[in-house]
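Everything on this sheet refers to the single structure shown next.
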Amino acid sequence: MTTRKQPQANPVFMQTAIALATENVTRGAGGPFGAVVVRGDEIIATGVNCVTLHNDPTAHAEVTAIRAACAALNNFHLTDCVIYSSCEPCPMCLAAIYWSRCAAIFYGNTAADAAAAGFNDSLIFGELRKPFAERSIPMLQLLPDQAIASFDAWRNSTERIDY
């Protein structure tokens with residue numbers, strides 16, 4: 001069994017994420033969430049919650065920070081980066097962090113703290129544990145025989161970049 005080296009936390013970067021979250025609220029730009037993507041000792045990108053500012057339910061702090069970091073590094077993987085978030089990531093942000101291949105996540109507030117402030121992700125966590133047929137938003141497969149053509153095209157593409 002291989003043991004992964006635990007990245008060292010730097011409180012200064014967490015303080016930056018927390019300051020971004022607080023400033024986002026005080027300037028009326030969005031929710032109390034901030035994130036910082038760091039490589040080594042360098043901040044690559046930051047992000048804040050812009051859901052209400054941009055009318056974009058995906059514009060969470062971690063997602064905006066990941067988007068900015070990927071653009072800055074011209075790479076869709078952040079394997080040598082860590083993310084500092086003012087709060088434990090929601091399911092969407094956690095998935096984005098995994099997709100980006102960040103090496104570690106450091107967070108300040110917990111999901112319970114977020115719920116107490118009115119940001120409750122427990123519904124989504126609960127929905128993910130349910131079979132498709134029991135979820136509150138119906139999820140039904142349609143035209144699988146036609147949809148597979150997209151994956152066939154991907155498998156046969158000489159232009160593809162695996163991720």
Side-chain angles (χ1 to χ4, degrees), residues 1-130 135-137 139 154 159-163:
M1 181 179 196
T2 310
T3 320
R4 280 172 58 128
K5 182 183 172 199
Q6 291 295 331
Q8 294 297 311
N10 184 330
V12 172
F13 296 130
M14 181 57 73
Q15 290 167 340
T16 301
I18 294 166
L20 287 166
T22 304
E23 179 186 339
N24 201 46
V25 172
T26 58
R27 66 185 175 100
F33 302 97
V36 179
V37 176
V38 175
R39 182 171 64 182
D41 291 328
E42 177 187 5
I43 292 177
I44 302 300
T46 64
V48 293
N49 180 286
C50 298
V51 170
T52 57
L53 183 65
H54 298 304
N55 293 314
D56 178 355
T58 69
H60 289 201
E62 296 91 340
V63 171
T64 60
I66 288 168
R67 288 173 180 161
C70 289
L73 297 175
N74 196 32
N75 196 328
F76 55 86
H77 282 161
L78 301 173
T79 52
D80 54 351
C81 297
V82 298
I83 191 161
Y84 290 81
S85 177
S86 62
C87 187
E88 181 180 348
C90 75
M92 177 187 67
C93 293
L94 186 59
I97 293 166
Y98 271 93
W99 277 114
S100 74
R101 311 290 198 267
C102 278
I105 305 164
F106 298 102
Y107 64 93
N109 293 308
T110 66
D113 296 329
F119 300 93
N120 192 345
D121 297 326
S122 63
L123 169 73
I124 299 169
F125 282 115
E127 288 288 303
L128 292 173
R129 287 190 287 274
K130 293 178 183 177
R135 292 183 180 172
S136 63
I137 296 176
M139 191 166 167
W154 173 257
E159 306 281 322
R160 84 171 186 238
I161 298 172
D162 291 327
Y163 60 98

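In what follows, residues are counted from 1 in the order of the sequence shown.
For the side chain to side chain contact (heavy atoms under 4.5 Å, CB included) criterion with F106, the lone passing option out of P7, S85, P11 is P7.
Distance alone, capped at 3.5 Å, places no donor-acceptor pair between the S86 side chain and the G108 backbone. A donor-acceptor pair is defined here as one N or O able to donate and one able to accept, closer than 3.5 Å; such a pair exists between the side chain of R101 and the backbone of W99. Checked by atom type and distance alone, the side chain of D113 never pairs as donor or acceptor with a backbone atom of C87 at under 3.5 Å.
The CG atom of D121 sits 8.5 Å away from atom SG of C93, with the distance rounded to the nearest 0.5 Å. In this structure, CG on L78 lies 6.5 Å from CD1 on I66, to the nearest 0.5 angstrom. Rounded to the nearest 0.5 angstrom, F13 CZ and E42 CD are separated by 9.0 Å. The CD1 atom of I18 sits 7.0 Å away from atom CG of N109, with the distance rounded to the nearest 0.5 Å. With rounding to the nearest 0.5 angstrom, the SG atom of C81 is 12.0 Å from the CD1 atom of I43. Atom CZ of F125 and atom CG of N120 lie 10.0 Å apart (nearest 0.5 Å).
Side-chain atoms of T58 and R67, non-hydrogen and from C-beta on, do get closer than 4.5 Å to each other. No side-chain heavy atom of C90 sits less than 4.5 Å from a side-chain heavy atom of I124.
Among residues two or more places apart in sequence or in another chain, the ring-ring contact (aromatic ring centres under 6.0 Å, His included) test is passed with Y107 by none.
A 6.0 Å sphere centred on CH2 of W154 holds more than 12 heavy atoms belonging to other residues, nucleotides or ligands.
Heavy atoms only, all atoms of each residue included: P89 and I105 are closest at CG-CG2, 4.0 Å.
Between Y163 and F76, the ring centre distance stays below 6.0 Å.
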